**Student:** 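Have a look at this one before I ask anything.
Owing to the predicted nature of the structure, the values given are computational and were not obtained by experimental measurement. Residue numbers begin at 1 in each chain, while the letters A, B, ... track the order of the sequences.
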Amino acid sequence: MNKRLVLWVLAGVLALAAAIWLLQGLPDGQARAFVLKLRTERLVGLLLVGISTGMATILFQTVAANRVLTPQIMGFDALYMLMQTLLVAAFGIAGFAGLPAGVKFTGEVAVMVLLAAALFGTLLGQGVRDIPRTILTGVILGILFRSLNTFVGRVLDPNEFAVVQQASFASFSKIDAALLPAAGALTLIGAAAAMLMASRLDVLGLGRDPAVSLGLHHRRVVLAALAIVALLVSVSTALIGPVTFFGLIVAGLTHGLTHSACHRVLLPASAMIAAITLILGQTVFERVLGQAAFLSVVIEFAGGLFFLLLLIKGRIR
Amino acid sequence: MIRISGLSHRIGKSAILHDISADLPKGKLTALIGPNGAGKSTLLRLIGRLEPLQSGSVTLDGADLSRTPTDQLALRMAVLGQQTAIASRLRLRELVGFGRWPHHKGRPRPRDLEVVNQALAAFSLDDLADRFIDEISGGQAQRAYLAMTVAQETDWLLLDEPLNNLDMAHARSLMARLGELVRVGGKSVVTVIHEVNYAAAWADHVVAMKQGRIVAQGSPYEVLTSETLSMLYDTPVGVGSHRGRPLVLHHV
Ligand SMILES: Nc1ncnc2c1ncn2[C@@H]1O[C@H](COP(=O)(O)OP(=O)(O)O)[C@@H](O)[C@H]1O
Ligand SMILES: [Mg+2]
């Protein structure tokens, strides 16, 4: 299919999904405005999560030159949560939770971007040569961050820990509306930066040697891409908590639908595919199945199966 | 001219290159020969700034490699490494198109498409242009990488064993094309060559390396002698002559 056409079709489906989400079964009378406001807030949240998860995964896979890894598999979200806990530990609830949500969140994201660029820049600077070892390293890093998180949590007093722990479960239905303005601004910055880099990302995707030969500032582009990934993962982790495999499904669908290596197509397509999945999934789970199951659980399960499938079929590049 | 002075290189504890100095002439086809592990690829990668220089210096037509911005270098030299594995899933035409990236930085103009078509035609890849690179043979892929390198339209071409995977006919036609780029196009080519007879037949200048050192350099007649080659490869090698060029008899 024509690549531009794919984008337009996705945009159409996304608009349709958003309309269904907003308008289906809207009550009459006084409740109407209230329900519509709630739904709009959550729609914006799901859109932001979709954009950030989709783009972060595509960016990360380009840096890692690999289609099995996601930032979450490599422990980005665990790093974000650890950093949150450390900030609470350092400044206490009063200093921390007392801050306006937007300010606190932006500060956290800034720290996260620096940490992730330093850490994963060293790990992935040359591109991934030994994929199994990199996956293992990532899984171990993830476990390390999670255990450190629990450890610091235990050292904290219970009240402080409760503040942190709230954030460590994935849920698509408890999006904190107070975070939306800051999350929106950060997502837009990240998405715009990624789109501006699209052509350099295409070159990066060739692998290190050809990229250097073509005059790409390889290290600079890798670090910039990882910083954007860190920013986007922070946004989605702050909004819905950690989800490990969702990005993998999105990236798989994106490559399957676009058959393109061009980031001007891949990035927006992945964002829209992720948003459509979340919005339609959430509509079905809340309104048809009446929350009989959680979308996050189902997506994680499907994503996990997809991950295994990729590994078993040896399609790890 | 590429001027290499006092170049040494280590990987971990092992010294790979020892204090190498050499001038690679401009407007010539230079062949880099030597046994496996001599350090040919390492030297080529250092000149092509695929690895950072540890000590010594390299200048490219007077410009110091470590002080010239990498994107400007990409307009002056194109490097094709020995092991090319492209990570993205690309069609041949897209791959060759990347050769133009240093010129257009993501916004191809008509001239860029023209050059890509010429490069595809020059390596007889027209029919394969819309295939994916992981769906063609090794030799066809090698030709695609070469087409991409040539499409970069640089004064200097650095190639590491470009004859890899090529059959007789394509190998000869590649050497002829490189010769033409040098003589007609005014380009300079530096290429690692595994099979010395291709160096004997086509090169203007030969550099022989062994154990991280240059052991001989000069015209094919000066370097490709029975004595030098026997020493270089630690095996008796006879040298005859064919159409006024050395003919190396290493296979009998
Ligand atoms: N990553 C590495 N670690 C250690 N030694 C290496 C590495 N890469 C290459 N070498 C060694 O460097 C030497 C030169 O290698 P190379 O330049 O590839 O040789 P050539 O291309 O002439 O066959 C060889 O002895 C090789 O074993
Ligand atoms: Mg070699």
Side-chain angles (χ1 to χ4, degrees), chain A residues 3 58-69 124-131 134 195-222 251-252 254-267 314-317, chain B residues 41 44-52 65 68-108 130 132-135 144-145 148-149 151-154 156-160:
Chain A
K3 285 159 192 169
I58 294 289
L59 278 168
F60 188 78
Q61 294 191 342
T62 297
V63 173
N66 163 303
R67 289 200 188 157
V68 179
L69 295 179
L124 302 168
Q126 304 286 311
V128 175
R129 293 200 176 137
D130 185 350
I131 294 164
T134 312
M195 288 305 288
L196 282 177
M197 288 176 65
S199 161
R200 273 168 283 164
L201 291 168
D202 293 345
V203 177
L204 184 66
L206 296 175
R208 183 179 174 278
D209 283 1
V212 172
S213 173
L214 291 173
L216 190 78
H217 289 277
H218 184 264
R219 194 164 171 73
R220 226 184 269 174
V221 174
V222 165
T254 306
H255 286 296
L257 274 178
T258 61
H259 289 292
S260 172
C262 171
H263 286 79
R264 267 186 213 126
V265 176
L266 286 174
L267 289 168
R315 296 259 297 268
I316 53 182
R317 289 203 351 142
Chain B
S41 296
L44 203 80
R45 290 175 63 79
L46 287 169
I47 301 173
R49 51 94 169 81
L50 298 182
E51 305 285 344
L65 205 66
T68 313
T70 185
D71 49 343
Q72 281 177 31
L73 287 174
L75 295 170
R76 302 167 70 163
M77 72 177 170
V79 196
L80 180 60
Q82 185 170 9
Q83 278 135 4
T84 323
I86 295 287
S88 327
R89 193 154 190 272
L90 295 172
R91 293 176 198 280
L92 242 65
R93 181 185 301 282
E94 296 171 307
L95 176 76
V96 177
F98 275 107
R100 299 304 298 165
W101 194 80
H103 299 268
H104 64 59
K105 297 284 170 70
R107 293 172 197 286
D130 291 315
F132 284 103
I133 42 172
D134 51 0
E135 290 168 358
Y145 297 132
M148 165 177 160
T149 312
Q152 211 171 322
E153 286 195 317
T154 51
W156 286 87
L157 286 172
L158 309 184
L159 311 171
D160 198 346

**Student:** State, yes or no, whether a side-chain contact exists between R45(B) and L158(B) at a heavy-atom distance under 4.5 Å.
**Tutor:** no
**Student:** Using non-hydrogen atoms only, which part of E94(B) is less than 4.5 Å away from chain A: side chain, backbone, both, or neither?
**Tutor:** side chain
**Student:** What part of L73(B) lies closer than 4.5 angstrom to a heavy atom of chain A: side chain, backbone, both or neither?
**Tutor:** neither
**Student:** Please examine the side chains of R200(A) and R220(A), heavy atoms only from C-beta on, and report whether any two atoms are closer than 4.5 Å.
**Tutor:** no
**Student:** Could you tell me which of A74(B), G48(B), G99(B) has the largest number of non-hydrogen atom pairs under 4.5 Å with chain A?
**Tutor:** A74(B)
**Student:** Which bit of R264(A) comes within less than 4.5 Å of chain B, counting heavy atoms only: side chain, backbone, both or neither?
**Tutor:** side chain
**Student:** Can you name the residues that form a side-chain hydrogen bond (donor to acceptor under 3.5 Å, both in side chains) with T70(B), not counting sequence neighbours?
**Tutor:** R49(B)
**Student:** So, for Q61(A) and V68(A), which heavy atoms are closest and what is the spacing to 0.1 Å?
**Tutor:** NE2-N, 4.3 Å
